[in-house]
Protein chains: 2
Amino acid sequence: MSGVKVTRDQIVDRAYELLAEAGLSGLSMRRVALDLGVQPGALYYHVASKQELLAVVAARILKGLPGVAKDPREAAGDFRSALLRVRDGAEVVSFVQAYRPDLLVPTHALRRLFTGKYDERRAEWAARTVVHYVLGFVAEEQNHAELVRAGIVEEEPAHSGDSDEAFGFGIDAILNGLS
Amino acid sequence: MSGVKVTRDQIVDRAYELLAEAGLSGLSMRRVALDLGVQPGALYYHVASKQELLAVVAARILKGLPGVAKDPREAAGDFRSALLRVRDGAEVVSFVQAYRPDLLVPTHALRRLFTGKYDERRAEWAARTVVHYVLGFVAEEQNHAELVRAGIVEEEPAHSGDSDEAFGFGIDAILNGLS
DNA sequence: ACCTGAACACCGTTCAAGT
DNA sequence: ACCTGAACACCGTTCAAGT
């Protein structure tokens, strides 16, 4: 009836907010449409598919990450922090890395940091090694958090600083081995 | 009408086959029920939820992996091979690692291998570092493969041995840094 | 150009009722 | 004990028709 106008930016904004608030299972095309006061089909005039939408959302998750990082350790930490800011952030970014690897800033930034020590091929591999570790680590953190939230799994008594230490242990080992 | 009997094993078997053949998007409770000639609701007498079913399927994916591996490098390679044998294997195992970490053999095996060099906490961290890397690496490999299969992304001309080399580069660096 | 209305082909899960 | 039938509350995507 009404014929409300929607922009691509509004769609991306709402999708990002839904992801942050409700996680990946709460982010549906139909819910985005409902929140924007529009029929589901209307979204497909602005966005080709949910996958394309997720790619743009992933880019937004990583927006603000330094294109040129100081050192790899800090870059990995910033990467993890950005992922943790949004529910299921690692899963979304992990998918997009396979979908549109060019959209992901951290890999570029890390590759540049290794370009001095290695040839181009190995610098790429080194960057991906770090990225894979971070994504794997945070994916487990967030999957666990989702299960706790759903009441399927009980929270472990281990205090939260523990996972920071575990994360640090891992990248230190990796960066150590890479140099 | 008919009242066909189904066992939990049949359900798990069919779920595993569907995953291997059609990937995670092809594995639905309704499809499993259809293939077994039973109504969807019947499955819930044998299995609490799809998540529980996935946990058992994940255990089957990793079945046959040595509980006591020779060295970490070989253990990591075996782990990757097992994941690659089934479509979306890494994603399924990644989820189950957060759901029921106790079910996963490779983490145990790797932890044991590090128990000599480290105290208990660090041995656990070292094992998880390797596991996170392997899961992250294979998840990207398989996500990419799914997108190629769906025709959403074109296959890259890089020959397949390349990813073996990239994988080896990563674990070598990690294991190097861990010792 | 952009949206509605309505459909298509699906999901996971629950539960009274049947055997 | 185990299954059916049927519902509940959803999905992503397409597309003729309207404005």
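Atoms considered below: every heavy atom in the structure, side chains included; atoms not considered: hydrogens, waters and symmetry mates. Labels below follow one simple rule: chain letters A, B, ... track the order of the sequence lines, proteins then strands, and each chain is numbered from 1.
- Although no hydrogens or angles enter the test, the distance criterion places a donor-acceptor pair under 3.5 Å between the side chain of Q142(A) and the main chain of V86(A).
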Distances for protein N/O vs nucleotides 13-17 of chain C N/O pairs under 3.5 angstrom?
residue, atom, partner, partner atom, Å
dT13(C), OP2, Y44(B), OH, 2.5
dT13(C), OP2, K50(B), N, 3.0
dT13(C), O5', Y44(B), OH, 3.2

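- The separation between Q39(B) atom CD and dG12(C) atom C1' is 15 Å, rounded to whole Å.
- For the pair R80(B) and F167(B), the cation-pi criterion (under 6.0 Å, within 45° of the ring axis) is fulfilled.
- If you measure from atom CG of L24(A) to atom P of dG12(D), you get 10 Å, rounded to the nearest angstrom.
- Atom pair R31(B):CZ and dC10(C):C1' shows a separation of 12 Å (rounding to whole Å applied).
- When the P atom of dC11(D) is taken as reference, atom CG of L18(A) falls 10 Å away, rounded to whole Å.
- Per the geometry, CG belonging to L53(B) stands 12 Å off C1' belonging to dG12(C), to the nearest Å.
- Rounded to the nearest Å, the gap between the C1' atom of dA7(C) and that of dC11(D) is 14 Å.
- Whole-Å rounding puts the L34(B) CG to dA9(C) C1' distance at 14 Å.
- Each of G26(A) and V38(B) has a nearest nucleotide on DNA chain D; the 5'-most of these lies closest to V38(B).
- With K117(A) contributing its side chain and R122(A) its backbone, the two residues share no donor-acceptor pair below 3.5 Å.
- Neither OP1 nor OP2 of dA1(D) sits under 4.0 Å from any side-chain N or O of H46(B).
- Rounded to a whole angstrom, the distance from the C1' atom of dT14(C) to that of dC3(D) is 14 Å.
- Between the side chain of R14(A) and the backbone N or O of D35(A), no donor-acceptor pair lies under 3.5 Å.
- A side-chain donor-acceptor contact under 3.5 Å links R8(B) to the backbone of H46(B).
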Verdict with supporting geometry, L24(B) and V92(B), side-chain contact (heavy atoms from CB on, under 4.5 Å): CA-CA 8 Å; L24(B) 201 50; V92(B) 173; 3.8 Å; yes

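- Going from atom CD1 of I11(B) over to atom P of dC2(D) covers 11 Å, rounded to whole Å.
- Using a 4.0 Å cut-off between a side-chain N of Lys or Arg and a carboxylate O of Asp or Glu, E21(A) and R87(A) do not qualify as a salt bridge.
- As rounded to the nearest Å, dA9(C) and dC10(D) have P atoms that lie 23 Å from one another.
- Regarding contacts with the backbone of dC3(C), every side-chain N or O of Y45(A) stays at 4.0 angstrom or more from both OP1 and OP2.
- When distances are taken from the side chain of K5(A) to each of dA1(D), dC2(C), dC11(D), the shortest belongs to dC2(C).
- Although no hydrogens or angles enter the test, the distance criterion places no donor-acceptor pair under 3.5 Å between the side chain of Y99(B) and the main chain of V93(B).
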Bracket notation of DNA chain D in which parentheses pair within the strand, [ ] cross earlier pairs, and | pairs with another strand (Watson-Crick or G-U, under 3.5 Å): ||.|||||...|||||.||

Residue pair R60(A), D13(A): steps toward the side-chain contact (heavy atoms from CB on, under 4.5 Å) verdict: CA-CA 9 Å; R60(A) 172 155 311 186; D13(A) 283 350; 2.2 Å; yes

